Every structure is written in C-alpha cells, then in structure tokens.
Amino acid sequence: MKYFFYILMIFCVLACTEAIEKPKDILPEDKMSEIIADFAINEQQYVIGTNINSENATRFILKKYKIKGELFTKSYEYYMTKPEIIKEILDDAQKIIVAKDPKAESFINKKLKENPGLPPQAR
C-alpha cells in the first residue's frame with residue numbers, strides 16, 4: 001500500500017507540470033498573429049507564383065519583425081500547447097488577412113463550409 005501511495009504522488013507531481021516550459025523571450029500574442037498572417041500571405045503567393053523563393057520570403061518576414069526563427073518556433077510550440085490561446089492567435093491572424101484582402105473572407109467562408117470540422121491551424 002505504501003508503494004502505491006508513492007506512485008500516486010509521483011503521478012500527481014508530473015501531472016502538474018506543463019508540456020513545454022514558457023520560453024523566456026516569448027513573442028506576444030498580437031505579434032504572433034501578425035507574423036502568422038504574413039506567413040499565410042507569403043504561402044499563398046508561393047502557390048500562385050512558382051518562381052518565388054519561399055526561403056527568402058520567410059527570412060524577409062523574420063527580419064521585418066526583427067526576430068530569429070528559433071524564437072518564433074519556440075513561441076509557436078508553446079502556444080500550440082495552449083489550445084484556447086492559439087485559437088485566439090489564429091483567429092486574429094485571419095482577421096488581419098481579411099483586413100489586408102477583403103476578398104479572402106469569402107474564400108475562407110467557402111472553405112469552412114466545405115470542411116466544417118476544420119481546426120484553426122488548418123484554415
């Protein structure tokens with residue numbers, strides 16, 4: 001019985017820790033939304049124009065926001081462990097895209113009707 005109690009205590013302690021620790025210099029949610037929106041626009045430009053170098057475009061976006069790719073990646077990984085926060089970030093990114101190109105809203109709505117269970121990351 002004593003061993004069962006110790007094992008139970010270990011599970012309780014492990015259950016209280018986060019999956020990924022919060023990065024020291026995490027990007028704020030609003031900045032993440034802006035960067036994700038720019039990446040989405042960049043991706044669409046790459047799909048339309050095959051002669052666009054996506055690696056250079058990615059570097060340009062990171063330079064525009066004066067961040068390193070590693071910081072973006074760590075922040076994104078952390079936010080992905082927080083479903084309610086990443087949904088807000090992605091919804092805000094979608095609003096930024098629609099503000100930049102109002103025609104995108106009808107395209108987004110069409111895709112959401114075609115795929116009603118689509119998670120925010122796939123929009």
Side-chain angles (χ1 to χ4, degrees):
M1 189 67 173
K2 185 167 79 171
Y3 292 113
F4 177 75
F5 178 74
Y6 288 129
I7 291 172
L8 182 63
M9 289 303 292
I10 290 172
F11 282 124
C12 289
V13 170
L14 291 176
C16 295
T17 61
E18 292 192 42
I20 296 178
E21 287 189 35
K22 188 174 184 176
K24 186 174 76 170
D25 299 325
I26 192 166
L27 292 171
E29 295 173 26
D30 58 336
K31 194 168 192 176
M32 281 293 293
S33 296
E34 293 173 19
I35 296 169
I36 290 172
D38 279 353
F39 278 138
I41 291 168
N42 175 50
E43 184 179 328
Q44 286 303 310
Q45 290 173 343
Y46 181 72
V47 169
I48 294 170
T50 56
N51 61 353
I52 295 172
N53 186 334
S54 66
E55 189 174 321
N56 286 340
T58 300
R59 284 189 192 131
F60 174 78
I61 292 169
L62 294 174
K63 279 186 178 184
K64 175 182 172 183
Y65 291 98
K66 299 176 182 152
I67 62 167
K68 299 214 180 256
E70 183 180 353
L71 175 60
F72 174 78
T73 302
K74 285 184 179 183
S75 298
Y76 188 76
E77 286 173 348
Y78 174 75
Y79 286 129
M80 286 298 289
T81 64
K82 309 288 183 194
E84 63 284 345
I85 296 174
I86 194 66
K87 183 177 182 328
E88 288 178 29
I89 290 171
L90 296 172
D91 287 343
D92 289 344
Q94 186 172 320
K95 289 175 188 172
I96 292 169
I97 292 169
V98 170
K100 289 182 178 183
D101 184 10
K103 294 178 187 176
E105 187 170 21
S106 63
F107 178 78
I108 291 168
N109 290 336
K110 177 184 168 193
K111 290 296 179 184
L112 289 175
K113 285 181 184 175
E114 291 173 3
N115 304 304
L118 203 62
Q121 299 90 324
R123 287 191 238 158

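Every value quoted in this text rests on a predicted model; they were computed, and no experiment measured them.
Shown here is E114, whose CD atom has more than 12 heavy atoms of other residues, nucleotides or ligands within 6.0 Å. Environment of NZ in K68: sparse, with no more than 12 heavy atoms of neighbouring residues, nucleotides or ligands closer than 6.0 Å.
Atom CG in D25 sits 9.5 Å away from atom NZ in K74 (nearest 0.5 Å). To the nearest 0.5 Å, the span separating CG on L90 from CE on M80 amounts to 7.5 Å. Here the straight-line distance linking atom CD1 of I96 with atom CD1 of I35 works out to 10.0 Å at 0.5 Å rounding. The line from NZ of K82 to CD1 of I89 is 12.0 Å long, rounded to the nearest 0.5 Å. In this structure, CZ in F72 is found 10.0 Å from CD in E77, a value given to the nearest 0.5 Å. Atom NZ in K22 sits 10.5 Å away from atom OG1 in T81 (nearest 0.5 Å).
Considering only heavy atoms from C-beta on, I67 comes within 4.5 Å of K31 through its side chain. Counting heavy atoms from C-beta on, the side chains of E55 and R59 come closer than 4.5 Å. Within the 4.5 Å cutoff, the side chain of D92 has no heavy atoms near those of the D30 side chain.
Counting only distance, with no hydrogens or angles, the side chain of S75 and the backbone of L27 share a donor-acceptor pair below 3.5 Å. One N or O on the side chain of N109 and one on the backbone of E105 form a donor-acceptor pair closer than 3.5 Å.
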For a salt bridge (charged side-chain N to carboxylate O under 4.0 Å, His left out) check, start with the C-alpha distance between D91 and K87, then their side-chain angles and the critical distance, and finish with the verdict. CA-CA 6 Å; D91 287 343; K87 183 177 182 328; 3.0 Å; yes

Dump the intermediate steps for ring pair (Phe, Tyr, Trp, His ring centres under 6.0 Å) on Y76 and F39, then the final yes or no. CA-CA 13 Å; Y76 188 76; F39 278 138; 9.3 Å; no

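Across all non-hydrogen atoms, the minimal contact from A93 to A37 is O-CB, 3.6 Å. The two atoms that bring D38 and I61 nearest to each other are O-CD1, 3.6 Å, heavy atoms only.
No close placement of the Y65 and F60 rings is indicated, their centers lying 6.0 Å or farther apart.
Using a 4.5 Å cut-off between side-chain heavy atoms of Ile, Leu, Val, Met, Phe, Trp and Tyr, with links allowed through other members, L71 and I85 fall into the same hydrophobic cluster.
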